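It should be emphasised that the depicted structure is a prediction, and the values quoted were computed from it without experimental measurement. Letters A, B, ... mirror the listed sequences (proteins, then strands); counts begin at 1.
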2 protein chains.
Amino acid sequence: MIDLKPKKLPKQARSRVSFDAIVGAAARLLRERGYEALTTNHIAEQAGVGIATLYEFFPNKEAIVAELTARLMAKVEANMEEAFAEARGLDPWAGVSHMTARAVAAMAAERDVFRVLLRQVPFVPQLPVVVETRAALAALSQRVRIEAAGALDLPMPEDDVWLISEMLYNAILEVAFLEVSERKRAELTKELARLTYRMAVGRDPETN
Amino acid sequence: MIDLKPKKLPKQARSRVSFDAIVGAAARLLRERGYEALTTNHIAEQAGVGIATLYEFFPNKEAIVAELTARLMAKVEANMEEAFAEARGLDPWAGVSHMTARAVAAMAAERDVFRVLLRQVPFVPQLPVVVETRAALAALSQRVRIEAAGALDLPMPEDDVWLISEMLYNAILEVAFLEVSERKRAELTKELARLTYRMAVGRDPETN
DNA sequence: ATATAATCCAAGTAATTGCTCGGAAAACTC
DNA sequence: GAGTTTTCCGAGCAATTACTTGGATTATAT
């Protein structure tokens with residue numbers, strides 16, 4: 001794979017505006033036109049900068065997508081760490097429920113961009129920042145589980161951890177991507193949390 | 001979306017050879033180079049036919065991909081119907097287990113092509129043939145569940161059916177796409193079946 | 001104020017893209 | 001075997017692509 005880092009970072013305020021406009025234009029084009037229509041010339045035009053300005057900061061198209069992805073994933077990760085802090089002290093079922101809801105909400109907030117990035121751009125799912133963020137999220141889930149272990153006495157083979165992570169991650173995306181009312185999405189999210197609890201614990205949560 | 005049907009079907013034996021060679025070349029290129037490298041000129045060259053011959057049968061590149069997808073999905077569906085017939089009469093856990101194993105095997109047999117088609121080509125997941133095959137597979141799962149319902153007494157909200165289908169489908173793909181030994185894949189598949197059973201039934205299967 | 005560095009960009013280039021043209025060869029039909 | 005249909009194809013075209021060039025403008029440092 002090619003070079004995915006910006007070749008230069010903005011040092012003055014005016015260039016930061018350009019830089020951000022480029023990343024923002026890429027997001028808008030992905031959202032509205034999909035990855036196939038994402039060309040460097042279109043991005044520059046949408047961003048209101050010359051094509052040469054774009055290449056001043058990014059070595060190629062992929063680097064722009066990578067930068068956009070990194071920004072979005074950072075937001076998700078921050079969100080989830082916040083959610084984890086909030087979930088501490090809750091009982092296992094409430095914790096799972098809360099984390100799931102926050103994850104769906106975080107993705108749903110930018111669902112059109114995420115759908116294109118994570119499901120249609122060949123290299124994005126393998127991007128280090130994506131792999132790392134997924135690992136961080138899985139680690140958070142693990143900590144929820146471990147804190148619950150005391151209360152629940154849960155053994156879990158490594159394969160199960162991986163499988164549950166994969167299933168939960170994909171289901172979160174599917175639920176976040178759905179074009180339904182937020183009310184319906186919340187219902188589905190709650191059911192998803194319950195199914196996850198079933199997978200992890202082997203029985204239904206005690207709803208008290 | 002554009003026209004995705006072949007503009008003409010082969011009527012003589014020699015042209016069927018060309019037709020198949022084109023579809024086969026598309027599969028090989030997707031497998032080895034990914035969707036971005038899939039160009040009509042490359043396909044024709046790989047297939048050993050002139051570019052004009054390709055356009056004799058297909059109106060555009062997308063139609064070739066659609067034809068390939070249809071062939072692969074048909075194979076999967078046939079496989080799963082066979083698996084369903086074999087699963088009849090088995091107890092619920094054995095049934096789920098068997099169906100899951102067959103599904104993973106069916107996808108794993110062409111994993112590189114499926115990974116590109118289903119995860120990287122923008123229009124493939126929405127292709128009617130894909131949507132319909134997924135619906136057919138979900139219906140099969142439903143029939144397994146309904147036959148099991150007598151033995152298990154299972155109520156299940158509609159949302160759960162959808163969620164479990166989504167999670168199972170995605171997990172089947174993930175397991176099928178993994179580059180691991182077949183032994184390891186079989187282990188993961190068994191665990192996946194167990195987690196699915198947990199989701200659907202709410203407790204572990206009685207392993208007897 | 002001058003020098004240096006940062007930022008900007010329109011015009012253009014070489015390569016590649018999907019696809020058409022015009023017609024030749026081979027296979028069926030009668 | 002004449003006529004019709006099917007199959008084949010390479011040269012080439014118009015459009016688009018990612019990206020470079022060469023230099024102008026603006027900010028910063030001293």
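The nearest whole Å value for the distance from the CD atom in A:E62 to the C1' atom in D:dA18 is 9 Å. The CG atom of B:D3 sits 17 Å away from the P atom of C:dG18 (whole-angstrom rounding). Summarising the geometry, the separation between CD1 on A:I22 and P on C:dC8 is reported as 8 Å, rounded to the nearest angstrom. Rounded to a whole Å, the OH atom of B:Y55 is 18 Å from the C1' atom of C:dG22. The CD-P distance, from A:E36 to C:dT16, rounds to 19 Å in whole Å.
For the segment residues 40-54 of chain A, the set of residues with a heavy atom within less than 4.0 Å of an atom of DNA chain C comprises A:V49, A:G50, A:I51, A:A52, A:T53, in numerical order. Of the residues in residues 6-21 of chain A, those placing a heavy atom less than 4.0 Å from an atom of DNA chain D are A:Q12, A:R14, in numerical order.
When heavy atoms are screened at a 4.0 angstrom cut-off, A:F58 is found touching no nucleic acid atom at all. Residue-level contact check: B:I64 touches neither bases nor backbone, having no heavy atom under 4.0 Å from any strand. Counting any heavy atom pair closer than 4.0 Å across all strands shown, A:L38 reaches sugar-phosphate atoms only and no base atom.
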Salt bridge (charged side-chain N to carboxylate O under 4.0 Å, His left out) between B:R143 and B:E81, worked out: CA-CA 11 Å; B:R143 286 170 67 188; B:E81 263 156 23; over 6 Å; no

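Remark: B:R71 CZ is packed, more than 12 non-hydrogen atoms of other residues, nucleotides or ligands lying under 6.0 Å away. More than 12 heavy-atom neighbours from other residues, nucleotides or ligands sit within 6.0 angstrom of CD on A:E62. Surrounding NZ of A:K7 are more than 12 heavy atoms belonging to other residues, nucleotides or ligands, all under 6.0 Å away.
For B:K61, the listed nucleotide lying nearest its side chain is C:dG18; candidates were C:dT7, D:dC19, C:dG18.
A side-chain donor-acceptor contact under 3.5 Å links A:S97 and A:K190.
Of the possible polar contacts, one joining the B:R115 side chain to the B:F177 backbone as a donor-acceptor pair under 3.5 Å is found.
Note on A:E191 versus A:R198: no salt bridge recorded, every NZ/NE/NH1/NH2 to OD/OE distance being 4.0 Å or above. Between B:E182 and B:R111, at least one side-chain N (NZ, or NE/NH1/NH2) sits under 4.0 Å from a carboxylate O, which counts as a salt bridge.
The CG atom of A:N170 sits 10.5 Å away from the OH atom of B:Y169 when rounded to the nearest 0.5 Å.
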